[in-house]
Structure formats: structure tokens, C-alpha cells
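To keep things clear, I will list the structure first and then write my remarks on it.
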Amino acid sequence: MSKNISSLSSRQGIENNLFDRLVEKGEATGTVSDQDIQSLATEFLLGEGSVLSAASFYDFLKRENQGKKAYVCNGTACLVAGTQKELKENLKSQFKEDELGEICCLGRCHEAGAFQAGGINYSGLKTKDFKDFKNHTKSGREEYPIKSNLKDPLLTGKFKGYDLLENVLAQTPDSLLQEIKDSQLRGRGGAGFPAGIKWETCKNFSSDKKFIVCNADEGDPGAYTDRYLLEEQPELVLFGMMIAGYICGADTGILYIRMEYPDSLRIINDAVKKLEDSAWLGENICGSGFNFRFKVIKGAGAYICGEETALLASLEGQRPEVRVRPPFPAESGLFLKPTIVNNVETFAFIYNILEKGGANFAKVGTAKSTGSKLVSLDSTFNTPGVYEVEMGTALNVVINEFGGGFKIPVKAIQVGGPLGGVIPDHMFDSLTIDFESFKEGGFLLGHAGIVGIPESFSMAEYIEHLFEFTAAESCGKCFPCRLGSVRGQELMEKSRHENYKIDPELMNDLLEALEETSLCALGGGVPLPIKNILHYFEPELEEFFIQKEKS
Amino acid sequence: MISKRNIAYVNGVSHTFEDGENVLSFLKRINGKNSVPTLCDAPQLEAFGSCRVCSIEMSFTKDGPKKVVASCHTPLVDGAHIFPETKKIQRLRKNIVELVLTDHPLDCLTCEVNGNCELQDVAAQVGIREQRYPAGKNHLDRKKDLSHPYMTSDLSKCINCYRCVRACDEVQGEFVLSMFGRGFDSRIIKSMDTTFEDSSCVSCGACSQACPTSAISDVFFSKGIEATKKVKTICTYCGVGCNLEVNVKNDEILSIRAPEDSEVNPSHTCLKGRYAFKFYKHPDRLRTPLIRRNGKLKPASWDEAYDYIADKLKTLGENFGPDSIAGISSARCTNEENYLMQKFIRVVVGTNNIDCCARVCHAPTALGMQKSFGTGAATNSIKDLKETDLVLIVGANPTQGHPVTGAKIKQEIMKGKTLIIIDPRKIELSPFAQHHLQLRPGTNVAVLNMMAYYIIEANLQDQAFIDERCENFDLFINEIKALDMDEQEAICGVDKKEVRAAALAYAKASKAMEFHGLGVTEHSQGSKTVMLLANLAMLTGNIGKPGVGINPLRGQNNVQGAADMGVQPHQGAGYFDVTTSESQAYYKVHYGVDMPENIGFKIPEMFEAAVEKKLKALWIIGEDVVQTDPNSNFVKKAMESLELLVVQELFETETSKYAHVVLPASSFFEKSGTFTNSERRIQRVNNVVEPLSGTKPDGEIIVDIMNRMGFEQKPYKPDTMLEEISQVVPFFKGVVWDELGDMGKQWPVLEGGQDTKIIHVDSFKRGKGKFQFFNWKESQELVDNKEEYPYVLTTGRLLEHYNCGTMTRRTSNLKIKDEDILMINPKDANDKGISEEDQVKLFSARGEVILNIHITDEVKPGVLYTTFHFPELMINQITSNTHDEESMCPEYKVTSVGFEKVIL
């Protein structure tokens, strides 16, 4: 990262945001012109190369994607569903081949066959629909079931209004922070870090400026729980961010929403506009002296922006490369100021915590994983959708009762995106939906998006897909991830298509280097599912590896 | 509360660590610099964490669970246990480096950095013996970029460590290099993905120095290990005083790098210091003394030359008295040589007619600061930039003139400190400044008085400091209060609200640091302007502590030293007034002769005296007065009037054309001694190569002539010379050649060797700091000429060239910039019907020149700007004789001119 660019970029404030401007310039043509880059560099006192190098990082801004008119989803759920080959053929009837690009992922995992065209997402279309799909200007919004096993759902009920703010803002930030800590709410972005402690850290740093950032860059294939919240419960998310601002002393909330989610962007923007027109946002809210405003930032196609430090770099107009920690964002984040970065779902819980009281919230779920969890199921299930289950609910309940079991024979599921564990079918009975159960089983709960791996799908191809995904999305900063992901993919490809067998020791060395030394959870995380597969599906994979005599 | 012990364990052995220390620097300190392999870390750069090769295992308790962390960005905590070389760590490092080698050419034997490649070292250190991956995608086919006179790249060798990108950002602050794309295919680009030649690269070479392989390098292969010797010395291209590490083989300079551990310029120089060294062996170097015979300069032996000079000086001295003889020493020579030259003129010739080129640059600084504070030297150190909150730059363009200091200033400003610029022209730093007071040339006095007015009006003065440490404040404040701001606003042409805002920012900053250059001094009110700057600092208590002060940016490498050594007509070595009997007695004790009593000629007075036939002989060391002093035609006339002109030089110059004797001197690479930089730092100049055959170091020449004229002076050796100087110059008392070390010492150096980073800490050298009021006065040049010549020309310099360019024009810098160009505001160009490709005739009351132009809003309407590096142009044919009223420093910065399009 560059402290200089952070600082120079911050000179213009969040209103005139360099990244925002880049995206705006790029939207018309799919890339940013040299002239625009040069004028932005002059305006922001940066080198031309600094701006060009940032633009070159993003799928929606890089020169190679200029002129692309439709992007086909290549996420895991669409891959295993086997829908995309046919989809591409169908799209070729409407577009030239070089007008088609790839994208990962549109969060249409429940029906697969996803693509984006003209800024609108589509999924599950039949061949006959393609003739005139461009006329479906209403947007390709889909339907999926939403259910909960809680009597009083925390995230999937009806929003009860902002009136709660009046009561809440009459309390001190300290007492609200105590409620959050009492709730034992853990961040839902994947790592499960206690939200109260993060907020307290940020609160304790004194600074003229602080930021609340909502990480709505849900890029994990298989996950669309955040998309659900952004589109169906926007008020819960905005409310949570405001409270974070009140507690930590921040007056600006930024939602970083991926361009792959056009409906989320539109709905959140509408919700913010509505808030701005009300008395619940702006200066001196409810006479409390608290000021708050929102800025919605549209992502530009880079999975790594889901990593918090890369997301902050992106917001500063820098290349979204992962930063070293410490300092943690709560101390030195956006524009080097104390910043809270939390996931959409984490913020969405705040309303209920404050309404019910932290201690009451903590009674829901398990001792260490309080509250509920949204789970999203992909199209291998009979009834794919978004389900809110109490923490501690058996995995089988999710699979069979909510998901209605699988449509086709499935040998394993991957939970928590490409960096989550791969659970073989014989272990479905042994896990419950909470952080501890998954960790003890050698997996990861993550955001609990679930993708079924069909019996017929090659596990070697699946491993190659995981390496390939990592290689495509690696920011390229740290050596193990930049190089190791490509070499891993090459090993798998060669062993699948050529007369080449992989030395298991080399594979182990590669996975160990990735897991132990990568800078962030992308390179560090992808070995988990690969190791799970190597462990649980050894016989299937034998043919790809040199078999050494067991001594 | 648990007390902090700062103890961590390495393999179970306890060590104390420093606050904020990371594991990598801790391990390097304990186990040696190369104990932990790393590819992306470099001492001049922030921890980055990309290569992961420096990973170690760490636990928070003795037998606690170990975690692998990258040591470069992991801070130490009390009680941590560190295991730097476990089996697992060895395996991990090896596996990462093996991955790196899957995308790196294995042509080490023919690689320019063979033997000095960090990748090679690390691969060896972690024990790579094989590369197990099958051939895959790679970037080995990337093409070399050899487009630039100095910089090269071969990105097939790049390992994506980002060091070059970070050096360009964190060291130079130029953002030329960036990473393009993402993941495996990400690659280094220059500007808009172009070549070095077409990029905005300023050729500082920080990237090349930072690159661990040969991916980015230079045409001199500066990372190669061909050299048999590395010599540290000091750059002569400006007053920053950069340390250079010169690679030498067979008595020939191969390349130059910046020492990593230098305090002045860690791993950094500008293109002049690092790359512009080839002049030293240029075929144009003078290699034999020349004596004018029958109107032509003819080769002669040293003995003939010395006899000729000695005879002539003796005759002239006897016939016309010692005051008919004068010397101009050089601020580019060492302290020891300057000391000798003034001693020769005062003690052997017997006159105070000694001066140097400080006269045409910072004489007003020395004078003004002496009058206000008692010492004509920077109050603080450059490193104080880290501690200041605000930087005020007046009449200087540091990124061009003092590039390493300029880059340091830029770094601080980019990171959020406040910058105020007072300059008639937009400079590179202007876009970064919160306040740029773009005044009419020649109105510094008005603007600085306005700032004082607004500070006092807002009652923001530091009254306690003023009451305790200063004098004459009541008189000053009354005068300031009586000024009419509307009148001053009209004079300087800057909105008074802008001046007020800048004044309040300066006064409110808890620490404010001022830098100034020749835009302050080269004016008819130059010395007064310096005193007004001193007023502002005293008014706000910005003196005597870290991060504040008045800090002149010296143009030449040893301007400070030349003055310290007594190369000025009114003060001898150590600044003793030549007119007092105490001083005369003091010098007599040391020199054993009666000292001359009258103040001698300043340089402009020498020219006048020559024209008037009062001055008969002039000895000039290392200054091309014909090209660089104002009103060239008058200077030429003076040269022509002399009966003896001795020019001691590296090359033939415009001045040497008039000489009776030319003496071939050695360059700074060929001699030893000391230079004193802008922050009073006395640094060792070590001879890198032997003097070019036929040349002699200036010091040796002066000693020879002193002995030839009957004064016994010991041979020129820096250690014994410094010993003599330390006995005469009080603030050099503790200076010993062998004790100066690599970093040098900042004077005053007390007996015992303790040096001084900040002066005037408890009291001013003169006792109380003195407030002085001066009102603005229009330059006589404008009063006399603005009717006929209504535009104002101001001059400055280019990054690529140094002064009259005798050295830089004889290097590849010439390929980067090869002419002086006139900057014209679009409005003025339009009025005259001039477009970018036109040439113009620029003229003044003295003369005219023809030059190419650039139309730009860098200058305001009515103001023109150019540089003075090229003898083809001789811009000083048009500058005037107007000079600073006190110090006689010429007013280069204000010339009444007219211009018109050249019709071909």
C-alpha cells in the first residue's frame, strides 16, 4: 500500500472519491480512457501510472474487457450445475464471441445459468427465452424461498421502522457498546471476530475522522445471503452502520457493493435516499448531536475486495492489494483513519440486539456462537433458497428440511465459498451450523453458502477449479498466492490431460507454503478444501498422483 | 499493571527489543544483517510483506502453539518466543523461492548482477537444489527497455517484489513506476505503460538501487561486482551534500550508488549525483597549464606557469599595492582549499580582496541571518522535516534545485503536512501546497510584512518567546501596524485574504520550518528579505527546537564552508571582522604577519575596479563569471581590462577565454578534504581516483604558489589542514579528520567532538534575536526600465543541469535536456501572436538573446522565466547590475525585458 496515495486520495474527502470516479468513467465503455486516467491523476496529484495500475486491476475496468457486452458467471455453483456451456451457446446467438466475458459470481446460485448483460443479471433461462431476453428490461429478478426455524427471526422478519433510533441515540455510546459486547455477536464475514471488541478498539482511538465500512463485496461463489439482506432488508444494514458510527464516533458510512449485484446497488441507493429525506439521517439526528451520512460505492469486479484491507485500498483508489497488519483497520483504515469494516450480516443483527438487549440476544444460538445464521443453498438442492437458522441447528436439518434434499446424487458439499471446507456426505450428520462445530470437524462455517458437488463431478477438476479461481482472483502481491495458485492449477491440468503424475510431496509442499505463508485468506484458505478433498477422496484421486510404496 | 520489559526470546535465549521494533529488524540486529533471507524488504522502504521469505515461527509463551508469521511486519511483544530457523521454516522458505524460480530466467552467469543478486543469494541461502515443477506459464519473453540515457529495465528478471514501485513512491515521490494488472500476469509499468524514455521518470535511480535483481538497473551496471574498490565521497552538485558510494576499477569510475546508511540521503540521490559523473574523464578536460603568448593560450609547464604568476603578482603588488590583486575562490572546492585561498590572498598577497560565488547566491543569507541571529547558517537539520507540522518555502524550487531535500519535503507534504509556497512561479510542489502566494517578482518584502501584520492582528505571536529571547520588537510592531494592507496587496499582486490565510496557518502550526533559496537572496532587497524571514520565525517562536527554523537551501556544495573559511572580503576564517584590531591580532597570532585592515572588494566591485584599472590581477577558481554573473558584457569588459587573469578550472570556459594563465585543476573525484552542507554538516570528501594526468587539486596549486612566493605552507593534506583550521575557526574546534566518520559532524563541533544539530537553542549567538523592519522598495532595474521593457524576467535552474553546465553538459544529462527555454504565459503569447513552435528575441537594456519557448500558466501574465545553463544562449547578457543593497548579490530574479517573435 502507499501511505502517500492514501493521504493524497483523502484530500478530496469521500464525496469526490477517486475509485468512484474511475468506475463512473469506466461504465460507459467498459474501460477508462487514457485521457480520463491522466486527468484523474492530475486532479488527485498522483502519477498517471498510479491511476492506470488501479484501473487495470478490475474486471469491469481493465482494457481487455473493453467492448464486452455480456458476462457469463463462472462461479462454483454454475460450474457444478453444468449450465454454462449451453448458456454460452445461447448467448452466441445474441452476441459476438468477443463480446462475451466471464464473471465470478452473480449470486444466482439457486438456479445457476447466471449471466449479466446490459447491467442486468439473469439466471435459469431456458433456450427459448434467449430470443428476446434483452426485452426483459424489468430486470432479471428471481424468486427464492426464505424461511427460518426461529420463532422470532432476527434477519428475515419485517423491518419495524427507524423509530428505535430515538430511544437508542438517547443512550451513551458506552452503554450501547456494552449491549453489543453482551450479545457476543461475532462477525459474519468468515473469521468470526467479536464485533464488540473491534468496535471498542476503534472507539478508543482518537481521531478527527473515522469511517464505518460495510463490506458488501460478497464474492464467494455459492453465497447470496448478503445479497438477500441488501435487497430485502436494506434498513437493517443501514441501521447497524449508523449505530456503529454513533458508538465509535464516525460520521460517515460507506457501503462497498459489487457491480455484480446491480439490484443490491439500486435498492440500497433507494433506501439511503429515503433515509436522507427523513429525519433519521443527516445532522443532529433525533437531537442527539450525532451526524451521519452514507456513501454507496460500486465495486468493479475483483473478488479480493472482499478482503477488508484490499477493500479499503480499493476505496482509496489504490490497487486493491492486501495490506500488512498491524495496524488493523480499527486503528488505521480508510485514508489511514480508524475504520470499522464489517460484513453486511453483522450490521444487520444490530437492530435486534438493541431492541431485545444484548444479553437476550446471546440466549439465541450456542454459548460461543450466538444468534442465528443465514444459509444459502445452490441449485443441487430441491428447494434452494436463503434460510435463517439458529446457531447450533443440525446441518442435516438445513440439507433435508429446508433444502428438501438433493435433486441429484451429491458426494460432498462445500460450505463457505471456495475457501471453505469440502464435507463428504458421510459427515453431514456430524455437524451443526456454528463456528465451533465446523472448526472441530476440520472445516469452516464462513458465510454458510452451500454448494453441492454432484457424484458425477470429478474431484480432480474441482481441485483445479479451486486453484484456477485463486489464480484468477489473486491480487498478486504475495509470492505464494501469485505463483502457487498458477502452479497448482497447472499440476492438476497436466495430470488430468497429459501423461503426468503429481509428486504428492510437491503438492503437500505447495499447499503448506500457501496455507502457512500467504498474506491473506485467499492463498491461505484455498488449501483447506483441497486438503479435505485429498483426504476424503483419495481413491478417486489416486490416478493423478505418483503412488509411493508405503514404508 | 504489568510493567513493560521489552524482552523476547530467540530459540529460548532472551534479548531486549526496542519499542516498535519488528521481528525482522530485531533478528537482523541480533543475528546479523543477512541472518533472515528476504526479497521484498529494504531498509529505505516501509514493511510490505509480499515475498513471505522472511517468515519465522513465533509463540506467545514458552511452549505455546507456534504460528508462522512474516517477520518484516510482525511487531514484537513482551515474552514472545521466536524460532527463526525451524525445519518447517526452512522448508517453507525453500518452497517459496522454488516457486519464484519457476518464473525467472536461469542465466545467472551472464546476468549483470551475477554475484550481487539478492535472489541468487537467497536461493543459495535457503538451499535450492532443484526445481520440481513442470514447465508452465512464465514471463521470460519480456523485452528489455534500453530507451533511456541512464535507466534500463529487463522485466523478465522481475520477481514482483514492488521495491521499485515503493522506492518511486516512498523515496522519490514521483509515482512513475506502478504494478499493472493482477495476479500472475501483474507487471511493472512506467507511467502510462510506456518506456523509461517516454515516461515522467526523473532518473533518480532509487528504483534501480532498490531492485533486488537486474530487472531495473542502469547503463552503468551499478549493481555489478566488477569494481575492485568502493569509495565514499560527497556529491558536488548542490548544498544537500549527498553521500556517494563510488565503484572504482583500475582507477576508473564505473558507477555510483547511494549508501543505505547515510543520514543525508539514505539510498537516494538525484540523477546528477548518481549518473552525471562522466565529465571527469571527458576529452575536454584541461590537462596542462596554459599561458597566453602572442594573444594565444599555449601549453606550458607548471613551473613556467607558477613563475609567470609569481613574478606578475610580485611586480603588480610592488607597483600598485596588494589591493590591486584579488582572488575569487570557489564554493565547489573543499573547506581546506577555501581556507588556503583566503590565507594566500590575505597573508601572502596582503589584501582582503577575497570573495567567492556565494556573492551571487547566498551572501544575503549569511549577512541577514548574522544580523538577526548572529550566525549565518541554517538553524536546524533536514531530518527535522519529520517533526515539523508546516513547511514554508520561499523563493526556491527544491525538487529541481535540491532534489533529495525536495523529495523529503514532498514526502512530508503528501502525507498531510501543510505547505506554504511564496514564489512567482508554479513549481512542482505547488499543486501539493495549501497556500501558494504567487507574487510579482521582487515583492517578497511586501508579502512577508503582510504575513507579520496578519499574525500580529490575530494576536498569534509567541509573546513569551519574544519577551524572553528577542529585542527591538516594539519598534518593529509599530512599523508593521502602520502598513496599509491594500497598498501592500497592490504591490505584490496577491489577494490579501490569501496572504492572511497563509500567515495564520504559519502562526498556528505548532512547529513551522522555513526553507529558502535564491528567490529570496538574488534581489535588491535580498538581505532584508532574509531578516524578514527571521522576524517571522522569532514572532512565532519557531527557533531553537526540532522541526522549526530558517533553513537556507545552498546552491553549491560548499557555500556554507567557503564563508566559514573566511572567503569573503569583510570577515576572515571563523567570521571575525577584518577591520577590528582584536581580529587582526587574533589572525596575526596564527599567521605571524600583519593583517590587511580594510574590507576588500566584493565580486561586483572587483569587476568595477578592473574596468576602472584599479584592480590589475584576478585569480579565479572554478567559477565562470562571464557566463554566470549578470550583465555578461560588462564582465567581459572587466576581464579584458586585467593585466593578469588566472583561471583555475576543469574545462575551458567563457571566462578562461580571457585568461593569461589557465591552471588545470582536479575534480572532486580526484581529491580529499571536507565539504560543509546546508545543515552545517562537515563531511569527508575522499579521493576516488588519482588526479587526471596533468592536473592538480586546487589545494596543491595554492600551496605551491604560496611556497613559490616565499610563504612556508605545509603540503596540502586534509588531516593537517583541518588541524590548522580547527585552531583558527572556533566552531571547528573539535573537528578531526579521522573522527568525522561516514556521517560527518554538524558545527559547532566542540572540543572532544560533540556536534550540534540545532543552533540558538537557549539563546541566540548574538544574545537577543533582533527584529528589524524594512519597507518594500521597487527594484531600481524596474524603476529605470519598465517603461521600455515592461515584462519581468526571472531565472532559475533545471534538475538536469548544474549552474553553467560545464560538468552536466558533458554527461548524458544533455540527452535529457539540451537547452534553456523561455516560459511565457498564454495571455502574453497570445498578445504577441506567438505559438509554441516559435522562437523569440528576448531583450533588455543590456543585450538580447534568441531562444525557444514554452507557453504555460506556470508563470503569470507579465512574467517570463528561463534557466541559465547553456553558453550557447548566455542569458546573463540581459540581466542587470542591480544588486542587493547590503551584500551586493546580483538581482538575477528581476530583469526588465521585452520580447518579440523572431520572423524567419
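Using a 4.5 Å cut-off between heavy atoms, B:Lys94 does not touch chain A at all. Heavy atoms of B:Leu39 lying under 4.5 Å from chain A belong exclusively to its side chain. Contact of B:Tyr162 with chain A is made through the side chain alone, with heavy-atom distances under 4.5 Å. Contact of B:Glu57 with chain A is not made at all, since no heavy-atom distance falls under 4.5 Å. Proximity to chain B involves both the backbone and the side chain of A:Ala302, based on heavy atoms less than 4.5 angstrom apart. Within the 4.5 angstrom heavy-atom criterion, no atom of A:Ile304 approaches chain B. Heavy atoms of B:Arg132 lying under 4.5 Å from chain A belong to its backbone as well as its side chain. Looking at B:Asp185, there are no atoms closer than 4.5 Å to chain A (heavy atoms on both sides), in backbone or side chain. If you measure heavy-atom distances from B:Thr102 to chain A, the contacts under 4.5 Å come from both the backbone and the side chain. Interface remark: B:Cys72 contributes no atoms to any contact with chain A (heavy atom separation under 4.5 Å). Interface remark: A:Arg63 contributes side-chain atoms only to the contact with chain B (heavy atom separation under 4.5 Å). Residue contact with chain B, scored on non-hydrogen atoms closer than 4.5 Å, involves the side chain of A:Tyr500 exclusively.
Counting heavy atoms from C-beta on, the side chains of B:Asn95 and A:Glu516 never come closer than 4.5 Å.
The side-chain tip of A:Lys477 points at the ring of B:Phe48 from less than 6.0 angstrom away and within 45° of straight on.
Ranking A:Asp509, A:Leu483, A:Leu52 against chain B, the residue ahead of the rest is A:Asp509, based on heavy-atom pairs under 4.5 Å. Among A:Ser518, A:Cys478, A:Ser485, the residue with the largest count of heavy-atom pairs under 4.5 Å with chain B is A:Cys478. Chosen from B:Lys67, B:Lys137, B:Arg166, B:Glu174, the residue pairing most often with chain A at heavy-atom distances under 4.5 Å is B:Lys137. Ranked by heavy-atom pairs under 4.5 Å with chain B, the list A:Arg11, A:Met1, A:Glu64 is led by A:Arg11. Of the listed residues (B:Val68, B:Ile96, B:Asn160), the greatest number of heavy-atom pairs within a distance under 4.5 Å of chain A belongs to B:Asn160. Between chain B and the options A:Ala513, A:Ala471, A:Ser53, heavy-atom pairs under 4.5 Å are most frequent for A:Ser53.
Closest of all the heavy-atom pairs between B:Gly181 and A:Ser56 is N-OG, 2.7 Å. Taking every heavy atom of both residues into account, A:Ser2 and B:Phe175 meet most closely at OG-CE2, 4.3 Å. Considering every non-hydrogen atom in both A:Phe479 and B:Ile159, the closest pair reads CZ-O, 3.1 Å. In terms of heavy-atom proximity, A:Pro480 sits nearest to B:Ser50 at CD-O, 4.4 Å.
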Verify side-chain contact (heavy atoms from CB on, under 4.5 Å) between A:Glu48 and B:Thr194, making sure each step is shown before the conclusion. CA-CA 11 Å; A:Glu48 298 169 341; B:Thr194 181; over 6 Å; no

Determine, stepwise, if the pair A:Leu510 / B:Leu99 fulfils side-chain contact (heavy atoms from CB on, under 4.5 Å). CA-CA 9 Å; A:Leu510 172 63; B:Leu99 281 169; 4.2 Å; yes

Hey, mind stepping through B:Phe184 and A:Arg487 against side-chain contact (heavy atoms from CB on, under 4.5 Å) and telling me if it holds? CA-CA 10 Å; B:Phe184 186 69; A:Arg487 297 301 171 227; 3.7 Å; yes

Derivation of the side chain to side chain donor-acceptor pair (under 3.5 Å) call for A:Asn4 and B:Gln411: CA-CA 7 Å; A:Asn4 284 331; B:Gln411 286 295 333; 2.9 Å; yes

A:Asp59 vs B:Arg182, test: side-chain contact (heavy atoms from CB on, under 4.5 Å). Steps then yes/no. CA-CA 10 Å; A:Asp59 290 335; B:Arg182 79 179 185 221; 3.2 Å; yes

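The environment of NZ in B:Lys88 is crowded: more than 12 heavy-atom neighbours from other residues, nucleotides or ligands sit within 6.0 Å. Heavy-atom neighbours of A:Lys439 NZ from other residues, nucleotides or ligands within 6.0 Å: at or below the threshold of 12. Around CD of A:Gln35, the count of heavy atoms belonging to other residues, nucleotides or ligands within 6.0 Å does not exceed 12. Heavy atoms from other residues, nucleotides or ligands lying under 6.0 Å from NZ of A:Lys3 number 12 at most.
In this structure, CD in B:Glu412 is found 10.5 Å from OG in A:Ser7, a value given to the nearest 0.5 Å. A:Leu45 contributes atom CG, which lies 12.0 Å from atom CD1 of B:Ile413 (distance to the nearest 0.5 angstrom). From A:Leu46, atom CG reaches atom OG of B:Ser178 across 9.5 Å, with rounding to the nearest 0.5 Å. The structure places CE of B:Met179 at 6.5 Å from CZ of A:Arg319, a figure rounded to the nearest 0.5 Å. Between the CG atom in A:Leu506 and the OH atom in B:Tyr133 there is a gap of 4.5 Å [rounded to 0.5 Å].
Side-chain atoms of A:Arg482 and B:Ser186 include no donor-acceptor pair closer than 3.5 Å.
In this structure a side-chain-to-backbone donor-acceptor pair under 3.5 Å is missing from A:Glu490 to B:Pro134.
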